[in-house]
Amino acid sequence: MTGHQWGYGEDDGPSAWSKDYPIAEGPRQSPINIVPDEAVYDANLPPISLNYDNCTSINISNNGHSVVVEFDDADDRSVIQGGPLNNAYRLKQFHFHWGGKGCHGSEHTVSGKTYTSELHLVHWNAARYGSFGEAVAASDGLAVLGVFLEIGDEHRGLHKITDALYMVKFKGTVADFRDFNPKCLLPRSLGYWTYPGSLTTPPLYESVTWIVLAEPIEVSEKQMGKFRTLLFSGEEEEVRKRMENNFRPPQPLNGRAVRSNFQ
Ligand SMILES: NS(=O)(=O)c1cccc(F)c1F
Ligand SMILES: [Zn+2]
């Protein structure tokens, strides 16, 4: 398995990543199983503040691991701050992890409960670093906002994304995707758990302050089905592999404290 050739299959999946990415067995890996009763309520944790109003999505793409919506991060127009963060972190991209059928597919779990999918909004510390590429390997470089998706009613905000997925069916495809504001994908409550962790995909850098929202959003089975029409494989590849189960299982907590801003 050469550096850029990792996946979620039998031979190149999460249990094999440590061969090329030894940090896979590091002390602050993600995701984790969140146990609410063991989380430390921290009354000093301020609310998180999201300013996505002038956000500028650029494109939607299939990178062979997930579907990604990228943003123009040339200035502080879409930022997250507050909560456990000491600076404003700039929105770079968001993507999803999901399962096959049924209710598994999320990366973080809550007392062992899995959700059908998990949305990750990836932000980088533009106050301290010059670019995402520089921040991605720094211990305080990234802040990822995690949102659980569960099967229920259709989600009106998700439609724009699921209706665009046909344009990025194959690995390596990109399509214009402008003026999408991810604020519409957030639940009513911004109550969260936070802990120090890592990217959940190679290179697995331990550079992420995780902020996981406790309240899931509801999406329909039909909408999730559209994610599963995506392929891990490129258009030219013989064998077509459906893009599903692109999640890493929970990793050891190693004594880390998970804090919450709610009781
Ligand atoms: N799954 S993930 O949110 O940890 C993640 C994945 C790829 C690049 C990132 F910067 C990142 F944060
Ligand atoms: Zn992710």
Side-chain angles (χ1 to χ4, degrees), residues 3-8 12-14 17 20-21 23-24 26-34 48 50 58-71 73 78-80 84-85 89-99 104-109 114-126 128-149 161 171 174 182 185-186 192-213 216-217 227 230 232 243-251 256:
H4 55 278
Q5 201 196 337
W6 59 272
Y8 292 95
D12 62 2
W17 292 351
D20 281 301
Y21 305 93
I23 200 168
R28 59 174 274 195
Q29 290 290 294
S30 294
I32 60 168
N33 176 44
I34 295 166
I48 52 171
L50 295 161
I58 298 172
N59 63 38
I60 187 167
S61 65
N62 176 335
N63 63 10
H65 312 296
S66 182
V67 57
V68 188
V69 173
E70 292 212 81
F71 288 79
D73 60 351
S78 329
V79 296
I80 184 172
L85 306 174
Y89 284 61
R90 224 175 258 181
L91 178 63
K92 168 74 180 160
Q93 53 106 314
F94 69 78
H95 61 272
F96 299 82
H97 302 265
W98 60 90
H104 66 281
S106 63
E107 299 212 297
H108 289 89
T109 56
T114 61
Y115 288 87
T116 197
S117 175
E118 188 171 332
L119 159 65
H120 289 159
L121 293 133
V122 180
H123 309 75
W124 59 279
N125 188 340
R128 292 200 61 197
Y129 305 102
S131 69
F132 171 80
E134 198 190 320
V136 73
S139 62
D140 62 349
L142 301 186
V144 182
L145 184 63
V147 183
F148 292 122
L149 280 64
I161 293 173
K171 173 171 70 175
V174 193
L185 299 178
L186 302 180
Y192 63 85
W193 294 288
T194 182
Y195 76 97
S198 72
L199 304 191
T200 66
T201 64
L204 300 168
Y205 292 130
E206 297 186 329
S207 57
V208 181
T209 298
W210 276 95
I211 300 168
V212 180
L213 298 185
I217 61 169
F227 279 92
L230 295 169
F232 281 126
M243 187 178 275
E244 57 186 18
N245 299 309
N246 54 352
F247 61 91
R248 189 190 194 191
Q251 302 301 308
R256 285 174 281 178

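Residue numbers count from 1 along this sequence. In each ligand, atom 1 is the first atom listed, and ligand 1 is the first ligand listed. Heavy-atom basis, side chains included; hydrogens, waters and symmetry copies ignored.
When the options Gln251, Glu206, Arg256 are evaluated for a side chain to side chain donor-acceptor pair (under 3.5 Å) with Gln29, the one that passes is Glu206. For the ring-ring contact (aromatic ring centres under 6.0 Å, His included) criterion with His120, the lone passing option out of Phe94, Phe96, Trp210 is Trp210. Looking at Leu91, Leu121, Ile58, Ile60 one by one, the single match for side-chain contact (heavy atoms from CB on, under 4.5 Å) with Val69 turns out to be Ile60.
Taking 2.8 Å as the limit, the number of protein N, O or S atoms around the Zn ion (ligand 2) is 3.
Ligand 1 places these atoms under 4.0 Å from at least one heavy atom of Phe132: 10 (F). Which parts of ligand 1 touch Leu142 is read off a 4.0 Å heavy-atom cut-off, strictly below it: atoms 10 (F). Residue His120 approaches ligand 1 through these ligand atoms, each under 4.0 Å from one of its heavy atoms: 1 (N), 2 (S), 3 (O). Counting the atoms of ligand 1 from 1 in the order shown, those under 4.0 Å from a heavy atom of Val122 are 3 (O), 10 (F), 11 (C), 12 (F). Within the listing of ligand 1, atoms 6 (C), 7 (C) sit less than 4.0 angstrom from a heavy atom of Thr201. Atoms of ligand 1 found under 4.0 Å from any heavy atom of Leu199, numbered from 1 in the order shown, are 4 (O), 9 (C), 10 (F), 11 (C), 12 (F).
Annotation: salt bridge (Lys or Arg N to Asp or Glu O under 4.0 Å) contacts involving residues 194-204, sequence neighbours excluded, are absent.
Protein heavy atom nearest atom 5 (C) of ligand 1, with residue, atom name and distance: His95 CE1, 3.8 Å. For atom 1 (N) of ligand 1, the closest heavy atom belonging to the protein is Thr200 OG1, 2.7 Å. With hydrogens left out, the protein atom closest to atom 8 (C) of ligand 1 is Gln93 NE2, 4.1 Å, a heavy atom.
Side-chain contact between His123 and Lys92: absent, with no pair of heavy atoms (C-beta onward) separated by less than 4.5 Å. By the 4.5 Å heavy-atom criterion applied to side chains, Tyr8 and Thr201 are counted as neighbours.
Using a 4.0 angstrom heavy-atom cutoff, Phe96 does not count as in contact with ligand 1. Heavy-atom separations between His97 and ligand 1 include at least one value shorter than 4.0 Å. In this structure, Tyr205 does not count as a contact residue of ligand 1, since none of its heavy atoms falls inside 4.0 Å of the ligand.
Here the two rings, on Tyr195 and His108, have centers that are under 6.0 Å apart.
Using the six-membered ring where Trp is involved, Trp6 and His65 have ring planes that are parallel, under 30° apart on the 30 and 60° scheme.
No more than 12 heavy atoms of other residues, nucleotides or ligands shown are found within 6.0 angstrom of OH on Tyr205.
Only the side chain of Val144 comes within contact range of ligand 1, with a heavy atom under 4.0 Å; no backbone atom does.
Judged as a ring pair (Phe, Tyr, Trp, His ring centres under 6.0 Å), and not counting sequence neighbours, the contacts of His104 are Phe247.
The closest side-chain donor-acceptor pair between Trp124 and Asp73 falls under 3.5 angstrom.
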Report all side-chain donor-acceptor pairs from residues 133-148 shorter than 3.5 Å, counting only partners two or more places apart or in another chain.
from   : atom 1 : to     : atom 2 : distance (Å)
Glu134 : OE1    : Gly130 : N      : 3.0
Asp140 : OD1    : Tyr129 : OH     : 2.4
Asp140 : OD2    : Arg128 : NH1    : 2.5

